[in-house]
**Student:** 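One structure coming up, written as structure tokens, with questions to follow.
These numbers come from the heavy atoms of this one structure, side chains and all, not from hydrogens, waters or symmetry mates. Protein chains get the first letters and strands the later ones, always in sequence-line order, with residue 1 at the start of each.
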Protein chains: 2
Amino acid sequence: MGTIRNISDLAVMAGVSPGTVSRALADSPLISAKTRERIQAIAREHDFRPNAVARNLRTQRTGAIGVVIPLGHETGQHISDPFFMTMLGLLADSLTERGYDLLLSRIIPSDPQWLSRMASSGRVDGLIIIGQSDQAATLDAVAARYRPLVVWGGHVEGQVHCSVGSDNRLGGEIATAHLIARGARRIAFFGDPRAREIAQRLEGCRAAMAAAGLSHALQLFPTHLVADTSHADIVRFLGEQGKDGIDGIVAASDVIASSALRAMVSLSLHAPDDIRVIGYDDLPIARQTLPRLSTIRQELTAGADALVDLLFRRIGGEDCASFVMPPKLIVRHST
Amino acid sequence: MGTIRNISDLAVMAGVSPGTVSRALADSPLISAKTRERIQAIAREHDFRPNAVARNLRTQRTGAIGVVIPLGHETGQHISDPFFMTMLGLLADSLTERGYDLLLSRIIPSDPQWLSRMASSGRVDGLIIIGQSDQAATLDAVAARYRPLVVWGGHVEGQVHCSVGSDNRLGGEIATAHLIARGARRIAFFGDPRAREIAQRLEGCRAAMAAAGLSHALQLFPTHLVADTSHADIVRFLGEQGKDGIDGIVAASDVIASSALRAMVSLSLHAPDDIRVIGYDDLPIARQTLPRLSTIRQELTAGADALVDLLFRRIGGEDCASFVMPPKLIVRHST
DNA sequence: CAGGCCGTTGCAATCGTTTGTCAATGTCTT
DNA sequence: AAGACATTGACAAACGATTGCAACGGCCTG
């Protein structure tokens with residue numbers, strides 16, 4: 001009748017001590033089957049469940065993993081970005097499978113303490129960061145002291161934090177080489193290299209251009225990731241091109257490439273005839289653009305699994321290295 | 001040097017009592033500016049932050065909102081579904097703005113206790129459920145006792161739980177009427193009516209057919225939401241149509257509509273000439289199909305804001321009604 | 001100069017669990 | 001029949017903060 005508020009109420013009701021109730025509810029072998037069943041019956045009947053916060057405090061673990069999206073270089077960008085969403089969904093599936101919940105934080109790291117605040121709050125058992133943004137140094141600093149931390153993004157020599165991601169440099173190189181093979185000569189790279197992954201893709205792009213003797217013909221257009229504003233920017237950029245304008249676009253992401261394709265439509269430019277366009281990620285949207293987008297595939301499902309796997313290894317005390325996945329060229333109709 | 005583990009360590013270090021430290025860190029006016037500054041300086045220097053779990057236990061609030069996606073009728077469906085993802089991103093943005101975190105759970109409610117487990121775990125200050133699935137009864141039962149709970153989905157007379165969503169019946173009616181106006185006579189409804197929203201859309205669809213004297217010409221095809229399997233199913237369904245087959249599809253969601261369009265391509269059927277197709281939701285993907293998808297727009301941004309707003313009103317003790325938004329016909333090129 | 005008041009700080013209870021220790025009970029062996 | 005031994009469950013100490021209340025000192029005022 002009276003609602004059961006805590007384990008002591010239930011103990012009174014069952015005529016035992018709180019400790020016994022706790023053990024009974026946890027199926028401890030120290031409690032006889034008879035009392036255990038009796039206590040569990042009462043709990044079931046009153047729909048009682050022990051308070052998780054108190055348990056967390058006592059046991060020092062929470063059953064939750066924090067997923068953080070730092071938006072250092074893109075204050076306007078929303079979590080709703082398709083890449084984040086896709087990654088987030090995959091992580092949620094993978095963590096749920098292991099019985100963990102997922103605590104989501106979107107953070108604009110103006111405060112340099114953003115990461116250690118999450119790490120030392122005791123609210124999560126581990127942290128997954130999606131994208132290094134321009135915070136690689138902060139990540140390294142925290143990773144040095146806080147073990148259960150893995151990052152989606154690029155890997156560089158000597159990096160402290162454990163990362164999972166594709167070989168961005170190679171991916172950028174493959175993308176650019178493909179564009180050149182398709183006849184592009186004057187190429188623009190669309191993307192903001194303040195994010196490490198993107199800087200690496202640009203690096204690969206430069207390498208491919210150099211290898212073809214086209215170094216002079218590469219333009220960099222650091223467009224924003226926010227779809228709404230980028231569209232107008234891209235239209236302006238393309239409009240400013242003279243008659244010897246660019247004939248190829250290496251986009252740092254499918255989202256950017258898709259914006260570029262739409263901008264081209266409004267300028268009556270046609271892909272691939274006028275400008276060849278290639279994206280990066282191979283998100284579902286790459287199959288829905290018009291024309292369908294050639295891109296560099298990152299295996300996000302494998303990536304999410306790797307992130308979760310490495311994280312739990314680190315929680316378990318293991319010390320494991322970064323994981324770099326091979327990028328793969330997907331040719332569709334935009335190149 | 002010695003790491004500070006808790007407020008007492010810091011108290012010893014500062015030569016004060018733990019209580020004073022707690023107040024100082026919380027900027028309590030009871031503490032003199034001098035001691036407060038001294039204590040905060042030590043905390044900053046050692047990068048110390050009070051344990052959130054302990055605070056939650058004491059204050060009985062967590063600063064987190066649970067977002068749950070019940071997949072009652074679709075065990076295969078993943079969180080990665082574009083609708084969920086979009087909604088989730090919007091909620092995350094809106095909650096972050098209010099300083100709350102978001103605890104994500106994907107749940108397959110085989111266990112009827114799924115909801116009250118979340119509600120009574122004490123881990124969240126409130127609950128947002130995305131979609132009633134086939135769990136409307138469970139939702140009503142829990143909502144009767146647990147106040148801070150709001151649901152995205154359909155509203156029916158006498159419903160206990162507080163919901164936010166578009167007028168699904170009207171939306172279905174508008175969509176169907178539009179198809180009829182465009183010349184469709186033999187219409188199929190694609191969607192699984194076990195979910196309440198979808199049942200309401202179907203009801204509207206039936207009403208519009210009846211109003212046009214076409215009741216006999218409505219087919220129901222309860223396709224799954226999972227994109228991968230639905231495609232083959234839809235191809236089969238369309239293939240089984242004779243020469244007097246359907247000439248209109250009312251899809252219960254944009255995702256389904258987009259699958260239908262792809263299935264039509266592989267059967268050399270053309271929209272809108274052979275079959276007119278209309279979706280529901282107006283997700284970003286509706287603008288990226290070929291041809292672009294006519295659909296019924298739900299203002300998801302407004303919806304997410306309303307969900308969060310109502311939730312906090314309920315947390316504050318207010319008792320507020322469901323919120324039904326008007327659906328809006330968006331005509332593109334598929335009808 | 002004494003009494004009262006105010007601004008600061010310390011004390012200790014509390015939130016709801018988990019879990020190590022230990023007493024009490026009952027069973028089995030010799 | 002008595003001691004060894006296993007069960008069983010009670011007791012109480014954590015976990016790490018918050019917060020009402022009491023106490024303390026200094027200052028002002030009459």
Side-chain angles (χ1 to χ4, degrees), chain A residues 2-43 46-64 117-125, chain B residues 2-40 42-43 46-64 116-125:
Chain A
T3 330
I4 301 184
R5 309 220 133 279
N6 54 36
I7 234 177
S8 308
D9 288 0
L10 177 46
V12 171
M13 196 165 285
V16 297
S17 77
T20 303
V21 173
S22 173
R23 283 188 243 260
L25 259 29
D27 284 328
S28 157
L30 288 177
I31 302 296
S32 74
K34 197 171 43 132
T35 23
R36 186 195 326 144
E37 186 40 52
R38 182 163 52 92
I39 290 172
Q40 291 189 353
I42 301 181
H46 292 258
D47 193 31
F48 169 78
R49 240 166 302 284
N51 181 297
V53 176
R55 191 217 318 279
N56 293 345
L57 177 59
R58 172 64 223 237
T59 59
Q60 304 288 64
R61 52 180 302 282
T62 67
R117 174 183 311 141
M118 277 260 68
S120 64
S121 71
R123 280 216 289 214
V124 295
D125 294 340
Chain B
T3 329
I4 301 184
R5 308 220 132 281
N6 53 37
I7 236 177
S8 308
D9 289 1
L10 177 46
V12 171
M13 197 165 284
V16 295
S17 78
T20 302
V21 172
S22 171
R23 284 187 243 260
L25 258 32
D27 282 329
S28 158
L30 287 177
I31 301 297
S32 74
K34 196 172 44 137
T35 22
R36 186 195 325 143
E37 187 39 54
R38 181 164 51 93
I39 290 173
Q40 291 189 352
I42 301 181
H46 287 71
D47 195 30
F48 169 79
R49 239 167 304 282
N51 181 298
V53 175
R55 174 194 299 133
N56 293 346
L57 177 60
R58 174 63 223 240
T59 59
Q60 304 288 64
R61 48 183 305 283
T62 67
S116 56
R117 173 182 313 139
M118 277 258 68
S120 63
S121 71
R123 279 217 290 214
V124 294
D125 294 340

**Student:** Just to be sure I understand the geometry, which residues of residues 27-39 of chain B put a non-hydrogen atom under 4.0 Å away from DNA chain C?
**Tutor:** B:L30, B:I31, B:S32, B:T35

**Student:** Can you name the closest pair of heavy atoms from A:N51 and B:G122 and give their distance?
**Tutor:** ND2-CA, 4.4 Å

**Student:** When you measure from the side chain of B:R123 to the backbone N and O of A:T62, does any donor-acceptor pair fall under 3.5 Å?
**Tutor:**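 Indeed, once roles are kept as given, a pair shorter than 3.5 Å links the two residues.
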
**Student:** Which heavy-atom pair separates B:P18 from B:A11 by the least distance, and what is that distance?
**Tutor:**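 In terms of heavy atoms, the two residues are closest at N-CB, 3.6 Å.
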
**Student:** Give the minimum heavy-atom separation between A:I4 and A:M13, together with the two atoms involved.
**Tutor:**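 For A:I4 versus A:M13, the nearest heavy atoms are CD1-SD, 3.9 Å.
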
**Student:** Going by heavy atoms in the side chains, are B:L25 and B:Q40 under 4.5 Å from each other?
**Tutor:**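 B:L25 vs B:Q40: side chains touch.
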
**Student:** Starting at the 5' end of nucleotides 15-20 of chain C, put B wherever the base has a protein heavy atom under 4.0 Å, S where only the sugar-phosphate does, and a dash everywhere else.
**Tutor:** BBBBBB

**Student:** Please identify which of these residues, A:N6, A:I7, A:T35, meets the side-chain contact (heavy atoms from CB on, under 4.5 Å) condition with A:V21.
**Tutor:** A:I7

**Student:** Taking any atom under 4.0 angstrom from a heavy atom of chain A, which nucleotides of DNA chain D are the first and last to qualify, 5' to 3'?
**Tutor:**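 From 5' to 3', the first and last contacting nucleotides are D:dT8 to D:dG16.
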
**Student:** Partners of A:R55 by salt bridge (charged side-chain N to carboxylate O under 4.0 Å, His left out), sequence neighbours excluded?
**Tutor:** none

**Student:** Kindly calculate the angle separating the two end axes of the helix from C:dC1-D:dG30 to C:dT30-D:dA1, each obtained from five base pairs, and round it to 10 degrees.
**Tutor:**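 End-to-end axis angle: 50°.
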
**Student:** According to the salt bridge (Lys or Arg N to Asp or Glu O under 4.0 Å) rule, which pairs have a member within residues 12-35 of chain A, sequence neighbours left out?
**Tutor:**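 Qualifying pairs, neighbours excluded: none.
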
**Student:** On a heavy-atom basis, which atom in A:A24 and which in A:I31 lie closest, and how many Å separate them?
**Tutor:** N-CG1, 4.0 Å

**Student:** Are the side chain of A:H46 and the backbone of A:I42 linked by a donor-acceptor contact shorter than 3.5 Å?
**Tutor:** no

**Student:** Indicate yes or no for a side-chain donor-acceptor contact from B:R38 to the backbone of B:A14 under 3.5 Å, with no hydrogens or angles considered.
**Tutor:**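 At least one qualifying donor-acceptor pair exists.
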
**Student:** So, B:D9 side chain and B:V12 main chain: donor-acceptor pair closer than 3.5 Å or not?
**Tutor:** no

